[in-house]
Amino acid sequence: MSVEVQKSKKEDNTLTATLNMIKQSIELSELSNDVYEHLKTPMRFVEVAVPVEMDDGSTKVFTGYRSQHNNVFGPYKGGIRYHPAVTTDSIKALSMWMTLKCSLVGVPFGGGKGAIVCDPLTMSMKEKERMTRSYVRVLGSILGPETDIPAPDVATDGQVMAWIADEYSNIMRVPSFGVVTGKPLAVGGCVGRTEATGKGVFFVTREAAAATGMDLEKARVAVQGFGNVGSNAAILFAEAGSPVVAVSDVSGGVYNPKGLDILALVNHVERTGFVKGFPGGDEITNADLLTIDCDVLIPAALENQLKGDNADQVKAKIIIEGANGPTTPEADHILKDNNILLVPDILANSGGVTVSYFEWVQNNYGFRWDLGTVNRRLEEKMTEAFKLVYSFYCEKCIGSDMRTGAYRYSIQRLAEAMQFRGWIRNGTHS
Ligand code: GLU
């Protein structure tokens with residue numbers, strides 16, 4: 001098979017970049033192009049109108065999406081985000097990453113992703129509730145505990161999941177909480193789910209530090225994004241004794257070379273809503289944070305943060321992608337050339353979907369695990385996934401980067417399942 005790997009025309013075209021990576025990985029692993037045929041497009045992509053009665057009595061119709069990328073391993077799985085800058089291509093790419101992520105970490109799910117194009121910061125709770133319920137009414141028929149299971153993502157949380165579970169249960173006329181994960185404990189949630197992605201980021205960093213001979217306790221950590229993933233990861237690093245020297249969110253950031261008081265910062269953010277104005281450090285911008293003097297950089301915000309124009313200034317030795325897609329292909333090349341180890345999103349942030357899987361299992365058999373069990377199983381899964389991917393990368397991907405290793409590893413597993421299911425005839429030949 002001869003596959004021309006194109007350079008994405010626009011640096012921020014995540015879908016083109018993802019398709020190029022998938023193509024390239026298939027070629028390097030000498031898999032059949034039929035695998036690419038299955039992965040190049042979602043199995044189903046739905047766009048819906050989501051009518052909402054606003055608090056002032058007017059009606060607004062928002063655009064909603066659900067991308068069901070691939071279900072060779074099981075029900076589609078992936079978050080729903082509320083964000084004004086969502087595009088169809090970004091949702092398709094995000095759903096592809098979920099397919100790759102679930103395969104990589106070995107949970108029996110396929111990949112999906114959904115969104116509503118809206119600005120949640122300008123909406124009241126009641127408006128968000130009505131919008132969420134409206135989304136479920138128009139899309140509920142393609143969701144289900146056995147078919148497609150949403151979860152929290154950017155600007156959605158346990159409360160949003162509880163509304164989805166309730167609306168879906170009303171439609172089905174039977175309590176059916178397994179239709180979403182990331183729910184509050186009172187309605188079938190799993191202990192430790194909220195912290196799971198940040199915890200996974202921490203475990204993966206610990207393994208990456210060990211693999212590269214870095215002393216984690218002395219490692220200076222910088223975290224971009226102080227939402228669910230960034231804040232929980234920062235708390236764990238601080239608890240482990242690693243100085244968290246810089247943190248930022250949409251409002252800007254703070255820097256203290258001696259290490260920030262993370263619990264005080266959490267309190268500040270709870271009080272004011274933002275990192276900005278925290279007195280325990282010097283003010284920096286989001287852009288400054290990415291190139292700050294540190295050992296471990298954790299982009300845990302949005303896509304396309306590390307790019308061709310800033311990657312060369314990154315000083316960290318290890319990058320752990322807490323967010324989905326924070327690095328462009330151009331930045332990937334620069335970081336590799338500068339010998340920076342980048343642990344890719346589909347591995348680094350897979351702690352969230354891993355505990356989503358635990359939640360779904362508990363919902364299915366009606367039995368609750370305790371926090372110790374959840375955390376131990378999460379740690380086992382993350383550590384094992386890191387070791388498998390890292391050794392595959394070191395042994396089979398010489399001269400390449402860990403993202404390529406992770407894609408190849410994940411796609412090989414997908415190809416095997418496709419072949420057994422009869423979707424392709426011969427997965428290993430081009
Ligand atoms: N939104 C998270 C992710 O991107 C979690 C998905 C899930 O738990 O289904 O991995």
Side-chain angles (χ1 to χ4, degrees), residues 14 18 65-71 73-83 86 90-116 143-158 160-162 164-165 177-184 188-201 204 225 227-230 232-233 299-303 320-326 343-363 374 377-378 381-382 385 406 410:
T14 40
T18 305
Y65 301 115
R66 187 73 186 164
S67 175
Q68 299 182 326
H69 176 246
N70 183 280
N71 66 0
F73 276 128
Y76 304 106
K77 185 85 190 83
I80 295 186
R81 59 175 56 186
Y82 293 170
H83 197 273
V86 162
S90 68
I91 293 303
K92 285 179 185 173
L94 283 155
S95 69
M96 289 173 185
W97 296 337
M98 286 308 301
T99 300
L100 297 167
K101 195 184 296 187
C102 292
S103 166
L104 188 73
V105 81
V107 293
F109 291 134
K113 199 68 142 204
I116 303 179
L143 305 179
E146 310 291 318
T147 42
D148 185 353
I149 309 150
D153 202 86
V154 175
T156 56
D157 58 9
V160 174
M161 297 308 116
I164 296 177
F177 299 165
V179 67
V180 276
T181 58
K183 300 177 290 291
C190 172
V191 277
R193 171 63 184 86
T194 311
E195 301 81 18
T197 314
K199 249 201 173 90
V201 163
V204 160
N228 176 269
V229 182
N232 281 302
L302 284 169
E303 297 94 326
I320 310 286
E321 292 188 322
N324 291 311
V343 182
D345 46 9
I346 59 169
L347 173 60
N349 68 38
S350 60
V353 77
T354 298
V355 177
S356 275
Y357 166 55
F358 298 162
E359 180 174 331
W360 180 77
V361 167
Q362 292 167 75
N363 290 158
V374 170
R377 291 196 164 143
L378 172 64
K381 269 238 173 262
M382 296 305 297
S410 170

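We count ligands from 1, going down the list as the structure has it; atoms in each ligand are counted the same way. Sequence positions, counted from 1, serve as the residue numbers for this chain.
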Fill in: Expected output: side-chain E321 to main-chain I346 donor-acceptor under 3.5 Å
no
Worksheet item: Is a side-chain donor or acceptor of T354 paired with a backbone partner of S350 at a separation under 3.5 angstrom?
Response: yes
Response to the item:
The answer for which part of N324 has a heavy atom under 4.0 Å from ligand 1 is side chain
Response to the item:
re atom 8 (O) of ligand 1, the protein heavy-atom contact at minimum distance is S356 OG, 2.5 Å
Discussion item. Treating D345 as the side-chain partner and G325 as the backbone partner, does any N or O pair qualify as donor plus acceptor under 3.5 Å?
Written reply: yes
Response to the item:
Ranking M161, K101, R81, E359 by closest non-hydrogen atom to atom 10 (O) of ligand 1, top hit is K101
Discussion item. List ligand 1 atoms under 4.0 Å from A151, heavy atoms only on the residue side.
Written reply: 6 (C), 7 (C), 8 (O), 9 (O)
Worksheet item: Can W97 and T14 be said to form a side-chain contact (heavy atoms from CB on, under 4.5 Å), step by step?
Response: CA-CA 11 Å; W97 296 337; T14 40; 4.1 Å; yes
Worksheet item: For ligand 1, does P152 get within less than 4.0 Å through its side chain, its backbone, both, or neither, judged by non-hydrogen atoms?
Response: backbone
Worksheet item: Can you check whether L94's main-chain N or O pairs, donor with acceptor, with N324's side chain at less than 3.5 Å?
Response: no
Worksheet, complete the sentence: Counting from 1 in the order shown, the ligand 1 atoms closer than 4.0 Å to a non-hydrogen atom of M98 are 3 (C), 4 (O), 6 (C), 10 (O)
Worksheet item: Under the 3.5 angstrom rule, does the side chain of T181 hit a backbone N or O of S356 as a donor-acceptor pair?
Response: no
Worksheet item: So is S350 in contact with ligand 1, going by heavy-atom distances below 4.0 Å?
Response: no
Fill in: Minimum-distance protein heavy atom relative to atom 1 (N) of ligand 1
D153 OD1, 2.7 Å
Worksheet entry | Approximate separation, where rounding is to 0.5 Å, of I149 CD1 and F109 CZ | 4.5 Å
Item to complete: Within a distance under 4.0 Å of any heavy atom of R193, pick out the atoms of ligand 1 and give their elements.
Response: 5 (C), 8 (O)
Response to the item:
Ranked by distance from atom 9 (O) of ligand 1, the top protein heavy atom is K77 NZ, 2.8 Å
